[in-house]
Amino acid sequence: MLDTHAIARRLTGTGLSTEQADAITDAVREAAEHGDQVTPEALRAELASLEARLTWRFAGAMLAQTLAILGGLLAMLRLLE
């Protein structure tokens, strides 16, 4: 649970006006209540998805480089004939 009163006191203690502290506290409270909360499970799933996408992109790049090198070698062999 978010202690908005403690947050407001802390902010006014740093020199902010009561109005500024209340506005910041309200924004923090709204974000905590209505914001998109990321669960550890959702984060793990997203990271696994990202890892899979990066792995496939890396594999595709490696394949493209390999084909480019083989194409270059074949072209050089044709010149030697």
*Asks:* By the salt bridge (Lys or Arg N to Asp or Glu O under 4.0 Å) test, which pairs, at least two apart or in different chains, include something from residues 23-35?
*Replies:*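 Output for this query lists D26-R29, R29-E33.
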
*Asks:* Using the test side-chain contact (heavy atoms from CB on, under 4.5 Å), find all partners of L54 that sit at least two apart in sequence or belong to another chain.
*Replies:*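 side-chain contact (heavy atoms from CB on, under 4.5 Å) list for L54, sorted by chain: L50.
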
*Asks:* Applying side-chain contact (heavy atoms from CB on, under 4.5 Å), can you list everything that pairs with A6, at least two apart in sequence or on another chain?
*Replies:*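 A6 satisfies side-chain contact (heavy atoms from CB on, under 4.5 Å) with D3, R9 once adjacent residues are dropped.
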
*Asks:* Scan for salt bridge (Lys or Arg N to Asp or Glu O under 4.0 Å) pairs involving residues 51-70, sequence neighbours excluded, and state none if there are none.
*Replies:*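 Not a single pair qualifies under salt bridge (Lys or Arg N to Asp or Glu O under 4.0 Å).
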
*Asks:* Who else is in L67's hydrophobic cluster (ILVMFWY, side-chain heavy atoms under 4.5 Å, direct or via others)?
*Replies:*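 L67 shares its hydrophobic cluster with L63.
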
*Asks:* Which donor-acceptor pairs under 3.5 Å do side chains of residues 14-23 form with protein atoms, sequence neighbours excluded?
*Replies:*
from	atom 1	to	atom 2	distance (Å)
T14	OG1	L11	O	2.6
S17	OG	Q20	N	3.1
S17	OG	Q20	OE1	3.3
Q20	OE1	S17	N	3.0

*Asks:* Listed by chain and number, what are the side-chain contact (heavy atoms from CB on, under 4.5 Å) partners of R44, not counting sequence neighbours?
*Replies:*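 Expected list: P40, E41.
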
*Asks:* With clusters built from Ile, Leu, Val, Met, Phe, Trp and Tyr whose side-chain heavy atoms come within less than 4.5 Å, directly or transitively, what are the remaining members of the cluster of F58, listed by chain and number?
*Replies:*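 Hydrophobic cluster check, F58: joined to M62.
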
